[in-house]
Each structure stands twice: as structure tokens, then as C-alpha cells.
Amino acid sequence: MKKSYKIAVIGAGLMGHGIALILARAGHQVRIYDPLEDMLKSVPERIATSLSSFVTTKDEISRTLNQIELCRTISEAVEDTMFIFEAAPEKLKLKQALFKEIEKHAPQQSILASNTSVIQITKIMTNLNNRGRALGTHWWNPPHMIPLVEIVKTQWTDDTKVEVMFDLLKNAGKTPVIVEKDIPGFIGNRLQHALWREAISLVEKGICTPEAIDDVVKSSFGRRLAVLGPMENADLVGIELTQDIHNQVLFDLETTQTPSALLQELLDKGRTGMAAGAGFRNWNLDDLAKCKYRIAEHLIKLDTILPE
């Protein structure tokens, strides 16, 4: 029988509401805190809306919402909890200040987790008195639809805390992986942005258009990535062939350690992305909404066809 824990989520935005949704749906008692009253009050409605995209019964939505409590202070939220997830904006000093306040009120047994995609966990947790119970949990956006959570260890993290967090997430239906060393970008973002760096370089050098990049990824290896990871693929084709290919191509791949100059050129022209109507590509006013809908629809379908 799965255990039910008291869990606090600090931050009620896009990531916080999704984290709370997953944990409450798994049967845990979830308390949510946010300093913005309007953001806090809107959590139940936003969770219900998110749930309705993949949950078919009103009873399940109701049961999930009944597991959630809104709190006006951090001390109220973290009292008597086993897990505390911080989901504040990506600002180092803000996260450090939050954990300083959290540590004042959290029980000694609580495991403290920061959700961040770019800031090293070591920097966030460095000022804590008990750093052994602190770790990172990088949930991917949208957190209630992307299975992966990267559990990031620091040099101080107690391995038993990692094991407990791993079990919590796995039992909640997530796919947890352990990042043994606290490096910038962890695993997923390093892989993702290595691809982006090469893609941007190909466009910058005039080798192809941005449209061609997207068509190539979506119409070739991107189609199998959900069921065949890169290490599996290397073993599938064989290590010798993998080595032969690398001998022919790695020397010519982009290796710069700073952002492409093309990014700043686009920013200077006001081409800031899809919401602005232009970035690498030109967009229509309704393309942003269509894109978000297409992604959500695809993720929901994936859950019905991929094995657990």
C-alpha cells in the first residue's frame, strides 16, 4: 500500500500548480503557498482545468482538489510535512531567501527540494544549516504531462533522502532519474541545448533554413526519440558504426561556448519569438495558441500508446 504524506509546494504558478496536481492526484495531502493572493486563489480552478485535459471523471477531479489546501504563510504550509517543493521564479537570491525561511519552520525530517532548470542546486542550498536533506527536483514543463523529474544531488545530499524522493515520484507516476553530480543544465537541458546549438549554427552558416531544421528533426530521428534513446540507438546500430560516424562528423560540429551572435541579432530586430510574431521564423497571431494545443494533444496521445 502506498504511503500518504503531507507535502508543501512553495509557489503556485505554472510549475507549482502542476507539481501539486500530480502529488495530490497520487493521494498525498498537499499545501500550497504563494505570496500573490490572486495566484493562490486561482490554483484550484487551474488544477481542475489541467486535470480535465486528461482525466475523464468529475469524481477524480473532485478527489484531487480535496487533497489540496491553500496557505497564506510559509510556516503554515511547511508545518508537519515530509516533503517541501520550492517552485519559485528562476532567481537565485529569491530561492535562497525562501529556503532560509523554509528551514526556520520545516520539521527536521522534511526533505527540501528546489525545482529549477538552470540554477545549480549547490548554489541554492549553500546557506542551509542542514544541507544533507536538500536536493533538486527538475520537473519539466508542463509538469503534469511530462513524466521526467531529474533528482539532483549536491556534494552534501544524503543518499537516503534521494531514495525516498525517488520512491515518492515513482509512486506518483513520474519517471525519476538521478543526477549524481550537480552540473549546469543537469542531463536533459544539456542534451537539448547541444542540439539547439548545432541547429542555430547550421542556420547561421547558411546551410539550411529554420524551417528545414524543424522538418528534419520532426520527420526523422525525432519520431523515434520517445521509444529509442541515444544510448539505446548507439547499441542498436553498434558501437563500431557509432565510432566510425563520429570520426567523420564530430570534428565539424559547433563547439563555441558562448551563445550564437545570431540570437542577439534577432533580439535587436525585435524578433523575440512566437509571441512577438517572429523569431527564427515568422508567425501568425494565433500560432502560439495552436502550438500549445498541438503539444498538449500530442502528450496526451503519447500516454495512451507508450508502455509504462
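As a basis for the values below, the full set of heavy atoms in this structure was taken, side chains included, without hydrogen atoms, waters or symmetry mates.
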K.L.:
Please step through side-chain contact (heavy atoms from CB on, under 4.5 Å) for the pair Ile124 and Phe99, ending with a clear verdict.
P.N.:
CA-CA 8 Å; Ile124 296 171; Phe99 276 107; 3.7 Å; yes

K.L.:
Determine whether more than 12 heavy atoms belonging to other residues, nucleotides or ligands lie under 6.0 Å from atom NZ of Lys205.
P.N.:
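Yes.
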
K.L.:
Got a sec: does the CG of Leu250 have more than 12 other heavy atoms crowding it under 6.0 Å?
P.N.:
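Counting other residues, nucleotides and ligands, CG of Leu250 exceeds 12 neighbours.
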
K.L.:
Would Ser52 and Thr49 count as having a side-chain donor-acceptor pair, cut-off 3.5 Å?
P.N.:
no

K.L.:
Output yes when a side-chain donor or acceptor of Asn115 lies under 3.5 Å from a complementary backbone atom of Ala88, and no otherwise.
P.N.:
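No; zero donor-acceptor contacts below 3.5 Å.
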
K.L.:
For residues Val237 and Phe221: do they belong to one hydrophobic cluster (side chain heavy atoms under 4.5 Å, members Ile, Leu, Val, Met, Phe, Trp, Tyr)?
P.N.:
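No: no chain of side-chain contacts under 4.5 Å links Val237 to Phe221.
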
K.L.:
Is there side-chain contact between His193 and Trp196, with at least one heavy-atom pair below 4.5 Å?
P.N.:
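Yes, their side chains come closer than 4.5 Å.
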
K.L.:
Cys208 versus Ile213: any side-chain heavy-atom pair under 4.5 Å?
P.N.:
yes

K.L.:
So, Gln29 side chain and Ile68 main chain: donor-acceptor pair closer than 3.5 Å or not?
P.N.:
no

K.L.:
Are the charged groups of Glu79 and Arg31 less than 4.0 angstrom apart, N to O?
P.N.:
no

K.L.:
Ignoring hydrogens, what is the shortest heavy-atom contact between Pro176 and Ile151? Give both atom names and the distance.
P.N.:
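So the minimum-distance heavy-atom pair works out to CB-CD1, 3.9 Å.
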
K.L.:
Check whether more than 12 heavy atoms from other residues, nucleotides or ligands sit under 6.0 Å from atom CD of Glu45, and answer yes or no.
P.N.:
no

K.L.:
Can you tell which of Leu128, Asn130, Thr126 makes a side-chain contact (heavy atoms from CB on, under 4.5 Å) with Trp156?
P.N.:
Thr126

K.L.:
Is the closest side-chain donor-acceptor distance between His138 and Thr116 under 3.5 Å?
P.N.:
no

K.L.:
For Ile47, is there any backbone N or O sitting under 3.5 Å from a side-chain donor or acceptor partner on His17?
P.N.:
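No: the side chain of His17 does not pair with the backbone of Ile47.
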
K.L.:
Using a distance-only test with no angle check, is there a side-chain donor-acceptor pair under 3.5 angstrom linking Thr137 and Glu150?
P.N.:
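Side-chain D/A pair, Thr137 to Glu150: absent.
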
K.L.:
Just checking Asn247: does its CG atom have more than 12 heavy atoms from other residues, nucleotides or ligands closer to it than 6.0 angstrom?
P.N.:
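Yes, enclosed.
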
K.L.:
Using side-chain heavy atoms (C-beta onward) and a distance below 4.5 Å, is Leu168 in contact with Ile7?
P.N.:
yes

K.L.:
Taking all atoms of both residues into account, what is the closest heavy-atom pair of Thr81 and Gln109, and its distance?
P.N.:
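Looking at all heavy atoms of both residues, the closest pair is O-NE2, 3.7 Å.
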
K.L.:
Spell out, as yes or no, whether a donor-acceptor pair under 3.5 Å connects the side chain of Ser50 to the backbone of Arg46.
P.N.:
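Answer holds: yes.
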
K.L.:
Which heavy atom in Asn282 sits nearest to a heavy atom in Arg271, and how many Å separate them?
P.N.:
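Looks like OD1-NH2, 2.8 Å.
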
K.L.:
If you compare all heavy atoms of Ile19 against all heavy atoms of Ala87, which two are closest, and at what distance to 0.1 Å?
P.N.:
CD1-CB, 4.3 Å

K.L.:
Please say whether more than 12 non-hydrogen atoms of neighbouring residues, nucleotides or ligands are located less than 6.0 Å from CZ in Arg281.
P.N.:
yes

K.L.:
Between Lys123 and Asp182, is there a side-chain N and carboxylate O pair less than 4.0 Å apart?
P.N.:
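Not counted as a salt bridge, because no side-chain N and carboxylate O are separated by less than 4.0 Å.
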
K.L.:
Run the numbers on Asp268 and Gln264 for side chain to side chain donor-acceptor pair (under 3.5 Å), then give the verdict.
P.N.:
CA-CA 6 Å; Asp268 291 342; Gln264 190 59 53; 2.9 Å; yes

K.L.:
For Glu297, is there an ion pair with Arg294 - N to carboxylate O distance below 4.0 angstrom?
P.N.:
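The answer is no: the pair does not qualify as a salt bridge.
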
K.L.:
Ignoring hydrogens and angles, tell me if any N or O in the side chain of Ser219 forms a donor-acceptor pair with the backbone of Asp215 under 3.5 Å.
P.N.:
yes

K.L.:
Could you walk me through whether Glu60 and Arg25 pass the salt bridge (charged side-chain N to carboxylate O under 4.0 Å, His left out) test, one step at a time?
P.N.:
CA-CA 8 Å; Glu60 184 172 354; Arg25 190 179 180 220; 2.6 Å; yes

K.L.:
Should Asp214 and Lys218 count as an ion pair when the cut-off is N to O under 4.0 Å?
P.N.:
no

K.L.:
Hey, does the side chain of Asn66 reach the backbone of Ser62 with a donor-acceptor pair shorter than 3.5 angstrom?
P.N.:
yes

K.L.:
Quick one: does any side-chain atom of Thr157 pair with a main-chain N or O of Ala134 as donor and acceptor, under 3.5 Å?
P.N.:
yes

K.L.:
For Ala276 and Gly270, which heavy atoms make the closest approach, and how far apart are they?
P.N.:
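Minimum heavy-atom contact is CB-O, 4.2 Å.
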
K.L.:
State, yes or no, whether a side-chain contact exists between Asp158 and Arg133 at a heavy-atom distance under 4.5 Å.
P.N.:
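No; the side chains remain at least 4.5 Å from each other.
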
K.L.:
Return yes if a side-chain donor-acceptor contact under 3.5 Å exists between Glu254 and Thr256, otherwise no.
P.N.:
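Indeed, the side chains of Glu254 and Thr256 share at least one donor-acceptor pair under 3.5 Å.
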
K.L.:
Do Asp59 and Thr57 meet the criterion of a side-chain donor-acceptor pair at a distance under 3.5 Å?
P.N.:
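Absent: no donor and acceptor within the cut-off.
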
K.L.:
Mind checking whether Ile102 and Tyr33 have side chains closer than 4.5 Å, heavy atoms only?
P.N.:
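Not in contact.
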
K.L.:
For the residue pair Phe83 and Phe85, does the interplanar ring angle fall in the parallel (under 30°), tilted (30 to 60°) or perpendicular (over 60°) class?
P.N.:
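Rings of Phe83 and Phe85: parallel, as their planes differ by under 30°.
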
K.L.:
Can Asp159 and Lys153 be counted as an ion pair, charged N to O under 4.0 angstrom?
P.N.:
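Here Asp159 pairs with Lys153 in a salt bridge, since their nearest N and O are under 4.0 Å apart.
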
K.L.:
Same cluster for Leu148 and Val227 if Ile/Leu/Val/Met/Phe/Trp/Tyr side chains link at under 4.5 Å?
P.N.:
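Yes, Leu148 connects to Val227 through the hydrophobic network.
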
K.L.:
Can Met39 be reached from Met15 by stepping across I, L, V, M, F, W or Y side chains whose heavy atoms are under 4.5 Å apart?
P.N.:
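No; Met39 is not reachable from Met15 via cluster members.
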
K.L.:
Can you list every salt bridge (Lys or Arg N to Asp or Glu O under 4.0 Å) pair that touches residues 5-14, not counting sequence neighbours?
P.N.:
Lys6-Asp80

K.L.:
Same cluster or not: are Met231 and Ile187 linked, directly or through other Ile, Leu, Val, Met, Phe, Trp or Tyr residues, by side-chain heavy atoms under 4.5 angstrom apart?
P.N.:
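No; tracing contacts between hydrophobic side chains, which count when under 4.5 Å, never links both residues.
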
K.L.:
Should Met125 and Ser114 count as side-chain neighbours, where that means a heavy-atom distance under 4.5 Å?
P.N.:
yes

K.L.:
Take Met145 and Ile300 through the side-chain contact (heavy atoms from CB on, under 4.5 Å) test and state the conclusion after the steps.
P.N.:
CA-CA 7 Å; Met145 301 183 81; Ile300 292 168; 3.3 Å; yes

K.L.:
Return the minimal non-hydrogen interatomic distance between Gly11 and Ile32, and the atom names on each side.
P.N.:
O-CG2, 4.4 Å

K.L.:
Using the rule given for side-chain contact (heavy atoms from CB on, under 4.5 Å), can you reason through Leu92 versus Lys95, listing the C-alpha separation, both sets of side-chain angles and the distance that settles it, and then say yes or no?
P.N.:
CA-CA 5 Å; Leu92 176 59; Lys95 289 179 181 288; 5.5 Å; no

K.L.:
Given the rule that I, L, V, M, F, W and Y join up when any side-chain heavy atoms are under 4.5 Å apart, are Leu228 and Leu191 in one cluster?
P.N.:
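No, it is not one cluster - the side chains of Leu228 and Leu191 are not joined through contacts under 4.5 Å.
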
K.L.:
More than 12 foreign heavy atoms under 6.0 Å from CD of Glu240: is that the case here?
P.N.:
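Atom CD in Glu240 is not packed in, count stays at 12 or less.
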
K.L.:
When you look at Ser42 and Asp38, which way does the side-chain contact (heavy atoms from CB on, under 4.5 Å) test go after all the steps?
P.N.:
CA-CA 6 Å; Ser42 68; Asp38 289 345; over 6 Å; no

K.L.:
May I ask you to decide if Asp167's main-chain N or O and Asn171's side chain share a donor-acceptor pair within less than 3.5 Å?
P.N.:
yes

